[in-house]
2 protein chains.
Amino acid sequence: MIEPAQLFKCLSDDTRLHATLLIYLEGELCVCELMEALNDSQPKISRHLAQLRQCGILADARRGQWVFYSVEKNLPAWASEILASGSKASEKALATFQTNLKAMKNRPQCC
Amino acid sequence: MIEPAQLFKCLSDDTRLHATLLIYLEGELCVCELMEALNDSQPKISRHLAQLRQCGILADARRGQWVFYSVEKNLPAWASEILASGSKASEKALATFQTNLKAMKNRPQCC
DNA sequence: CATTTATATATTAATATTCGGATATCTACA
DNA sequence: TGTAGATATCCGAATATTAATATATAAATG
């Protein structure tokens, strides 16, 4: 089970914070979508997602070529509350990332 | 104004997390009370409190020999929500710290 | 004043984190 | 097979964080 300080540490880096919150809002995203939305390199995104998975915050599921990340279903209530509060706090940045997502060509889920 | 990732970084260390939440619950605590409650050294407690103050999470007020720390009044709503969720998550540890506090002899506020 | 108590800060050494670039793995499909 | 696309991991360098120890400041007290 995840400890409070561990969750906070995971969310203390902008790449991890924004990836987590965007996935929280969108339900499920793959690495290439996050690269596009956050405008970051593949190894950087992948490395941070691995950390979030290892801490039990995100779950991954491979479907074909893609690996989709979603928020771990069994997250404790307090952790979900923190994601909700964080989403409110990062509203503006998240809106930009969602705009980037919508502008993305050839998104995997469309196919 | 404090940024989400910055708040999370402040709360990602157990000393800072526990000090912040205990102050959040108790209203106001001085360094020597936190030393007793968290069972940590004076320089360690003081250094972490300074960091929390610099980030705008805590406010300090000297009264006589003692410096009392409290949660910054103008904290945004999302930040207060995170403290509330964190308190729930750390309920057990906080109960222990409160027990330590009650057992402390010569607490400054009593005088 | 001199001393004591409370708190803050500086220094140093150990450890941790982060990123970029290179490379490896895995899947789909010709 | 073999090639391409998507993702993961490894490595080294730069930077940041942390704790412990020592020292400094500030207020109370005799």
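Being a predicted model, the structure only gives us computed values, none of them experimental. Chain letters run A, B, ... following the sequence lines, proteins first and then strands; every chain starts at 1.
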Heavy atoms from C-beta onward define the side chain here; which of [options] lies closest to that of [X]?
| X | options | result |
| --- | --- | --- |
| A/R47 | D/dT7, C/dG20, D/dA8 | C/dG20 |
| B/V31 | D/dT7, C/dA8, D/dA19 | C/dA8 |
| A/D13 | C/dT7, C/dT18, D/dT7 | C/dT18 |
| A/K9 | D/dA19, C/dT27, C/dT17 | C/dT17 |
| A/R53 | C/dT9, D/dT7, D/dA8 | D/dA8 |
| B/T15 | C/dG20, D/dA19, C/dT7 | D/dA19 |
| A/S46 | D/dT18, C/dG20, D/dT9 | D/dT9 |

Pair [X] + [Y]: basic N to acidic O under 4.0 Å:
| X | Y | value |
| --- | --- | --- |
| B/K88 | A/E81 | yes |
| A/E36 | A/K102 | no |
| A/K9 | A/E3 | no |

Given atom [atom1] of [X] and atom [atom2] of [N], what is their separation to the nearest angstrom?
| X | N | atom1 | atom2 | result |
| --- | --- | --- | --- | --- |
| B/K44 | C/dA14 | NZ | P | 18 Å |
| A/Q54 | C/dT17 | CD | P | 12 Å |
| A/H48 | C/dT17 | NE2 | P | 12 Å |
| A/R16 | C/dT18 | CZ | C1' | 9 Å |
| B/E36 | C/dA6 | CD | P | 11 Å |
| A/N106 | D/dA6 | CG | P | 9 Å |
| B/Q42 | D/dA20 | CD | P | 13 Å |
| A/Q65 | C/dA28 | CD | P | 7 Å |

For this session: Check whether any side-chain nitrogen or oxygen of A/Y69 sits under 4.0 Å from OP1 or OP2 of D/dA6, and answer yes or no.
Result: no
For this session: Give one of base, sugar-phosphate or nothing for B/R62, where a contact means two heavy atoms less than 4.0 Å apart.
Result: sugar-phosphate
Exercise. Between A/S12 and A/P43, who's closer to the 5' end of DNA chain C by nearest nucleotide?
Worked result: A/S12
Exercise. What is the ring orientation for B/F97 with B/H18, classed by angle as parallel under 30°, tilted 30 to 60°, or perpendicular over 60°?
Worked result: tilted
Problem set entry | Audit row: B/Y69, B/L29, side chain to side chain contact (heavy atoms under 4.5 Å, CB included) steps and yes/no | CA-CA 5 Å; B/Y69 284 86; B/L29 290 174; 5.9 Å; no
